[in-house]
Amino acid sequence: MEQRKYLIDLIAEEEEPLKTLREKAAKEESYEPIVERDAAQLLKTLLLITKPKRILEIGTAIGYSAILMAKNTPEDTEIITIERYEKAADEAIENIFAAGYEKKIRVIKGEAADVINWLDPYFDFVFMDGAKGQYIEFLPRILELLRHGGVLVTDDVLYKDMTNDEKAAEVRHRKITIVQRLRKYLSVITNHTELETTVLQVGDGVAVSYRM
Ligand code: SAH
């Protein structure tokens, strides 16, 4: 059996409403894909280890990962999640309400590049899962917002095996700018004096960084 499939099969079945939300997100073509099963399981494990009290997410989509984070953090944890696509943000708000997490999760509609500028520090945990091409631009502000000792998790950094293979990306030439920006981002976070980073072949590539 292919190794990744084997590893995904080891993960216990998702709890509701996560299972239904994953199926819903997959059906609706206008939404971007939600965090993959193995990456979601990594996120869950990291949250249980670190017990963050204040979380920032970039890219809410329909609220799947926000709800997963709410389920796996202390009761008084605050989650702020940013989404610029109005339709997705509205659906996320509904899903979050239906799951009973409307007090714990605050959805902010808007462009992340703007919103992060007016958020107050400090966050214990940041999950970056939207705007792959802009991660590199968000980073300086994210590091102002993330406390020392905090964790930054960045999703989709291997971008369907294109990040490690610029030539393949050239074939799909429209993606080359994103690939180059992701490469720059990975180079910066793996060499940054204030970050200790591991890039994992989980999901579509997940970078886990500890803010020193
Ligand atoms: N974290 C979600 C999936 C997010 S998909 C989950 O796993 O459930 C990425 C989302 O980021 C999309 O809904 C997209 O609209 C949003 N997005 C992309 N660029 C953005 C930006 N610059 N500002 C705010 N949201 C953005």
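A quick note: this is a predicted structure, and the numbers were derived from the prediction, not measured. We count ligands from 1, going down the list as the structure has it; atoms in each ligand are counted the same way. Positions are given from 1, in the same order as the sequence printed here.
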Could you tell me whether [X] atom [atom1] has more than 12 heavy atoms of other residues or ligands within 6.0 Å of it?
X	atom1	value
Q201	CD	no
E16	CD	yes
K103	NZ	no

List the closest protein heavy-atom neighbour of [atom]: residue, atom name, distance to the nearest 0.1 Å.
atom	value
atom 23 (N) of ligand 1	A112 N, 2.9 Å
atom 22 (N) of ligand 1	E111 OE2, 2.8 Å
atom 6 (C) of ligand 1	S65 OG, 3.0 Å
atom 7 (O) of ligand 1	V35 N, 2.8 Å
atom 11 (O) of ligand 1	G59 CA, 3.3 Å
atom 26 (C) of ligand 1	R84 CG, 3.7 Å

For a 4.5 angstrom cut-off between non-hydrogen side-chain atoms, does [X] reach [Y]?
X	Y	answer
M128	L152	yes
L47	P52	yes
F125	L46	yes

[X] to ligand 1: N or O pair under 3.5 Å?
X	value
D129	yes
F138	no
I58	no

Self-check item: Winner among G130, A131, G110, A25 once heavy atoms are compared against atom 24 (C) of ligand 1
Solution: G110
Exercise. Kindly identify the option in E83, E86, M69 whose heavy atom sits closest to atom 14 (C) of ligand 1.
Key: E83
Self-check item: Within 45° cone and under 6.0 Å: K87 NZ/CZ vs Y31 ring
Solution: yes
Quiz item: For the ring-ring contact (aromatic ring centres under 6.0 Å, His included) test, which of Y185, F127, Y159 pairs with Y135?
Solution: Y185
Contact atoms of ligand 1, heavy-atom distance to [X] under 4.0 Å:
X	result
I34	3 (C), 6 (C), 7 (O), 8 (O)
Q134	22 (N)
Y85	15 (O)

Self-check item: Residues E75 and K104 bridged, charged N to O under 4.0 Å
Solution: no
Quiz prompt | K53 and E78 ion-paired at < 4.0 Å | solution = no
Quiz prompt | Summary of side chain to side chain donor-acceptor pair (under 3.5 Å) pairs that have at least one residue in residues 3-14, sequence neighbours excluded | solution =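 Non-adjacent pairs meeting side chain to side chain donor-acceptor pair (under 3.5 Å): R4-E36, R4-D38, K5-D9, E13-K19, E14-R22, E14-Y64.
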Quiz prompt | Heavy-atom gap P33 to ligand 1 smaller than 4.0 Å | solution = yes
Exercise. Give a yes/no on ligand 1: does L21 have at least one heavy atom closer than 4.0 angstrom to it?
Key: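 Flag not set, L21 not near ligand 1.
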Quiz item: Counting heavy atoms only, which part of A88 comes closer than 4.0 Å to ligand 1: side chain, backbone, both or neither?
Solution: neither
